[in-house]
There are 2 protein chains.
Amino acid sequence: MAIKSLDDLFTHFLKDMYYAEKQVLRSLPGMIRKSETKELRQALEDHRDETEQQIENLEKVFEQMGMRARGVTCQAIDGIIEEAKEIMSEVEGGMTRDAGIIGAAQAVEHYEITRYGTLIAWAEKLGKKDAIQLLKANLAQEKAADAKLTKIAERVVNETAAA
Amino acid sequence: MAIKSLDDLFTHFLKDMYYAEKQVLRSLPGMIRKSETKELRQALEDHRDETEQQIENLEKVFEQMGMRARGVTCQAIDGIIEEAKEIMSEVEGGMTRDAGIIGAAQAVEHYEITRYGTLIAWAEKLGKKDAIQLLKANLAQEKAADAKLTKIAERVVNETAAA
C-alpha cells in the first residue's frame with residue numbers, strides 16, 4: 001500500500017504497533033520462565049497483563065477509525081525480540097541472565113515508547129481525540145514498566161550480578 | 001561465546017552497540033537524501049558527525065579494556081533500520097515522508113538510549129569509571145538528537161503533513 005498522507009502513515013504505524021504488541025505478548029512467557037529474580041518475574045507477569053489491555057486499546061482505535069484491527073510485520077520488534085532470545089540463550093543463568101533480560105525488555109519498552117510518542121503526536125495533528133486517550137494510556141504503561149525495570153536492576157539484580 | 005559474568009555481558013552489549021553505531025552511520029546518508037525539510041536534513045547531518053565521534057568513544061572503551069574494537073551482529077538495529085528503509089520506500093514523499101523519517105530516526109535514538117543506559121548502569125556496578133564518562137557522552141548526544149527531532153516534528157513537519 002502506498003502511503004500518501006499523514007493519515008495513511010498513522011494507520012501504518014498503528015498496524016505496526018498492533019503486530020508489535022502481539023509479538024511482545026508471545027515473547028513474555030519465555031522471558032518470565034527464564035527470570036530468577038522474584039521481582040523481575042512479577043514485573044514481567046504484570047506487563048503481560050498490561051500488554052493484553054494495550055492490544056484491546058489498539059483494537060478500539062481501529063474500531064474508531066471504522067477499520068478491522070490488523071497488523072503488519074514490524075521488522076524492528078522482530079529484531080529486538082530475536083536479540084532478547086539470543087541473550088537469554090547465550091547467558092548461562094543467574095543474576096547475569098536476569099540483568100540481560102532486563103536490558104532486553106527495556107529495549108522493547110523503548111521501542112514502544114518512541115512509537116506511541118510518534119502516534120500521539122500525529123493523532124494530535126489529525127484531530128483523533130479518542131485515539132489520543134487510548135494511546136496515552138498505553139504510553140504511560142510502557143514508561144512505568146521501563147521505570148520499574150530500572151529500579152529492579154538497580155536495587156536487586158545488578159549488584160548481585162556484579163559481585 | 002558463553003556469557004558467564006556481568007563483565008562478559010557488558011562486553012557483549014558494547015560489541016552490539018559498536019555494530020549498531022556503524023550500521024546507523026551507514027544508514028544516515030540515505031535518510032538525509034530523502035529528507036525534504038532543511039532542519040531535518042541538518043539535524044541528521046549533525047547526527048552523522050556525532051555518530052562518528054560515538055564510534056571513536058566506543059573504540060576508546062574497548063582500548064581501556066585492553067581489547068580490539070569489534071562488533072557483533074545486532075538484530076535489533078538491523079530490524080529498526082530495515083523498517084526505516086521500508087517506510088522511506090513506501091511513503092510517496094514530501095512532508096509525510098519526512099514525518100516517517102523522523103519516526104524511524106527516533107526509533108534508532110531510543111534503541112541507543114536504552115542500550116547506553118544499560119551499559120552505564122553495568123559500568124557503574126563494575127567500577128569502569130573511564131568507560132562511564134564516554135558512554136554518558138554518547139547517551140547525552142542521543143537524547144539531544146531525539147529531542148531535536150521531536151521539536152522539528154512538532155514545529156515544522158507534522159503541521160504541514162497533516163494539512
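Computed from a predicted model, the values in this text were never measured in an experiment. Naming convention: chains lettered A, B, ... in sequence-line order (proteins, then strands); numbering from 1 in each chain.
- When all heavy atoms of A:Phe13 and B:Gly103 are compared, the pair lying nearest together is CE2-CA, 4.5 Å.
- Taking non-hydrogen atoms and a 4.5 Å limit, the residue list of residues 70-89 of chain B in contact with chain A, ordered by number, reads B:Cys74, B:Gln75, B:Ala76, B:Gly79, B:Ile80, B:Glu82, B:Glu83, B:Glu86, B:Ile87.
- B:His110 places a side-chain heavy atom less than 4.5 Å from the side chain of A:Ile113.
- Taking the side chain as every heavy atom from C-beta outward, B:Gln106 and A:Thr118 approach each other to under 4.5 Å.
- Among the residues in residues 30-66 of chain A, none has a non-hydrogen atom closer than 4.5 angstrom to a non-hydrogen atom of chain B.
- Within residues 151-163 of chain B, the residues having any heavy atom closer than 4.5 Å to a heavy atom of chain A are B:Glu154, B:Asn158, B:Glu159, B:Ala161, B:Ala162, listed by residue number.
- There is no contact between B:Phe10 and chain A, counting heavy-atom distances below 4.5 Å.
- For B:Asp16, the part lying under 4.5 angstrom from a heavy atom of chain A is the side chain only.
- Interface with chain A: from residues 91-100 of chain B, residues B:Val91, B:Glu92, B:Thr96, B:Ala99, B:Gly100 qualify, criterion being any non-hydrogen pair under 4.5 Å.
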